[in-house]
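Here's the structure, in structure tokens; my notes come after.
As the structure lists them, so they are numbered: ligands from 1, and atoms in each ligand from 1.
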Amino acid sequence: MTHNLPKPPESDPAWAWFLDVDGTLIDIAPTPSAVNIPQQLPPLLARLSQCHGGALAVVSGRSLDNLRLLLTPFDPPAAGLHGLECRDAGGGVVRAAAPPGLDDIRTRLTRTMEECPGLLLEDKGLALALHFRQAPEREETARRAVAAAVADHPGFTVLAGKMVFEIKPAGVNKGSAIRSFMTQPPFSRRRPVFVGDDVTDEDGFIAANDLGGLSVLVGPPRDTAAMFRLDDIESCRVWLALAAGTVWNSQMGEGAD
Ligand SMILES: [Mg+2]
């Protein structure tokens, strides 16, 4: 509930890094597939990981496959789909089981998308996302359609993100993913630091706080469990570069090569 949050402190070699991607490391694009990755971002993350004994994981609403494509050639441990699928440091993948009802929800929301131009239903396998970034005036329509679609399926929950409603199995979130990583090497016995931007990152902030770590909100002040705040994505990249013993060069441009 704090508004005037301080900037995060200088990094420590004993930290374990957990990083959200969209809105934290990269700009949010009009559609999830249209992102532009600055070419120096994957090597920066690889270097940051190296400086911290390999204890860096990305924690995202994207799928593991999608994250791998996005960050290539860097391929860190990752939690995808808000923690529904996790790849550990050894490459082992654990996926949550989908509760019954996903097909029904998908069918209903596909109909909604067809009836409402501008709404985009993204099928993530174990989860769905109804985006209204292209039609912000349809937020209420999207909210009602999602609420109606999940009403009969108590195994699912809705997360209201930035211009998107995420529909996912209940009980698993970014916080549970971070807690799980922290029981395993190379994360265990380190101090977790979670950096995120969205309300869907609040579970991650709470987990990092509970584990004696640090939580960093990227973006404008708002009600949050985070302890620290950085103004924007660029400030976040600069801070991470400093922690990796290097300098972020914004002059290199987005996605140029
Ligand atoms: Mg985000």
Can you name the side-chain contact (heavy atoms from CB on, under 4.5 Å) partners of Arg179, sequence neighbours left out?
Ile206, Ala207, Asp210, Leu211

With salt bridge (charged side-chain N to carboxylate O under 4.0 Å, His left out) as the rule and sequence neighbours excluded, what pairs involving residues 31-47 come up?
none

Considering only NZ, NE, NH1 and NH2 on the basic side and carboxylate oxygens on the acidic side, decide whether Asp123 and Arg106 come within less than 4.0 Å.
yes

Using side-chain contact (heavy atoms from CB on, under 4.5 Å) as the criterion, list what pairs up with Arg108, not counting sequence neighbours.
Asp104, Ala149, Asp152

Indicate yes or no: does Arg143 engage Glu139 in a salt bridge with an N to O separation below 4.0 Å.
yes

Under 3.5 Å, is there a donor-acceptor pair linking the side chains of Glu166 and Thr200?
no

Determine how many protein N/O/S atoms sit closer than 2.8 Å to the Mg ion (ligand 1), leaving waters out since they are not shown.
3

